[in-house]
Amino acid sequence: MGGGADKPASHERILAAVRAIPRGQVAGYGEVARRAGLPGRARLAARVLSGNTDPTLPWHRVLRSDGRIAFAEGSSGYREQSQRLRAEGVKVERGRVRMPRVEADLDAEIWGRR
DNA sequence: CCCGTGACTCTAC
DNA sequence: CGTAGAGCCACGG
């Protein structure tokens, strides 16, 4: 058996990771890929989203690592994403969203933030 | 097989 | 906080 085609599986995992993002929250491409079990495949995540056809997929919750929208400012995708995010209560300023770094979260976990 | 392109990321300045 | 350069992965020509 050998199957071969493991690419579709990766795509599915990426999509699952995106669907797993709670409403009102956001995640980076790299973060999504990592959650999908595909570390270092941030670009793959972006490619999957670019080719996604599922209208129920919360693709708008996926941003760059910096919290910046991946689309070019002024483009339709950029506007749609920012609008969708705002509709969920996410604050989008200057095409960017407050992206809490995992590192900071770990710091809080270790040092005990309050 | 080489090259260009892209909804990316990290480091350095 | 901003830009610039190099790295990386997947794909089509």
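As a basis for the values below, the full set of heavy atoms in this structure was taken, side chains included, without hydrogen atoms, waters or symmetry mates. Numbers restart at 1 for each chain; the letters A, B, ... are given by sequence-line order, proteins then strands.
Residues satisfying the salt bridge (Lys or Arg N to Asp or Glu O under 4.0 Å) test with A:Arg84, not counting sequence neighbours, are A:Glu80. Annotation: side chain to side chain contact (heavy atoms under 4.5 Å, CB included) contacts of A:Arg86 (sequence neighbours excluded): A:Val92. Partners of A:Arg41 according to the salt bridge (Lys or Arg N to Asp or Glu O under 4.0 Å) rule, which considers only residues two or more places apart in sequence or in another chain, do not exist here. Applying the side chain to side chain contact (heavy atoms under 4.5 Å, CB included) test to A:Gln83 and every residue at least two apart in sequence or in another chain returns nothing.
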Can you give me every donor-acceptor pair (side chain of residues 11-29 of chain A, partner residue at least two apart or in another chain, under 3.5 Å) with its distance?
unit_1  : atom_1 : unit_2  : atom_2 : d
A:Arg13 : NE     : A:Ala36 : O      : 3.4
A:Arg19 : NH2    : A:Asp54 : OD2    : 3.4

Exercise for the section: For side-chain contact (heavy atoms from CB on, under 4.5 Å), just list the numbers for A:Leu57 and A:Leu49, CA-CA rounded to whole Å, side-chain angles, deciding distance to a tenth of an Å, and then say yes or no. Expected result: CA-CA 9 Å; A:Leu57 186 76; A:Leu49 290 190; 3.7 Å; yes
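Remark: A:Leu63 CG to A:Ile69 CD1 distance equals 6.5 Å, nearest 0.5 Å. Note that OG of A:Ser82 is 11.0 Å distant from NE2 of A:His60, once rounded to the nearest 0.5 Å.
Here chain A contacts DNA chain C (any atom closer than 4.0 Å to a heavy atom, that is under 4.0 Å), and the contacts span C:dG2 to C:dC11 from 5' to 3'.
With respect to the salt-bridge test (charged N to carboxylate O, under 4.0 angstrom), the residues A:Arg61 and A:Glu88 qualify.
Taking every heavy atom of both residues into account, A:Ala33 and A:Ala45 meet most closely at CB-CB, 4.5 Å. Across every non-hydrogen atom of A:Phe71 and A:Tyr78, the tightest pair is CB-N, 3.5 Å.
Rounded to whole Å, the C1' atom of C:dG13 lies 22 Å from the corresponding atom of B:dA7.
The closest donor-acceptor contact from the side chain of A:Gln81 to the backbone of A:Val62 lies under 3.5 Å.
Looking at residues 74-82 of chain A, you'll see that no heavy atom sits under 4.0 Å from any atom of DNA chain B. Proximity of residues 11-23 of chain A to DNA chain C (heavy atom under 4.0 angstrom from any strand atom) is not detected for any residue. Near DNA chain C, defined here as any heavy-atom distance below 4.0 Å, the residues from residues 88-98 of chain A are A:Arg94, A:Arg96, listed numerically.
Residue pairs that meet the salt bridge (charged side-chain N to carboxylate O under 4.0 Å, His left out) test with at least one member in residues 64-75 of chain A, sequence neighbours left out, do not exist here.
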Fill in the blank from the handout: For nucleotides 8-13 of chain B, 5' to 3', base contacts (B), sugar-phosphate-only contacts (S) and non-contacts (-) with protein non-hydrogen atoms under 4.0 Å give BSS---
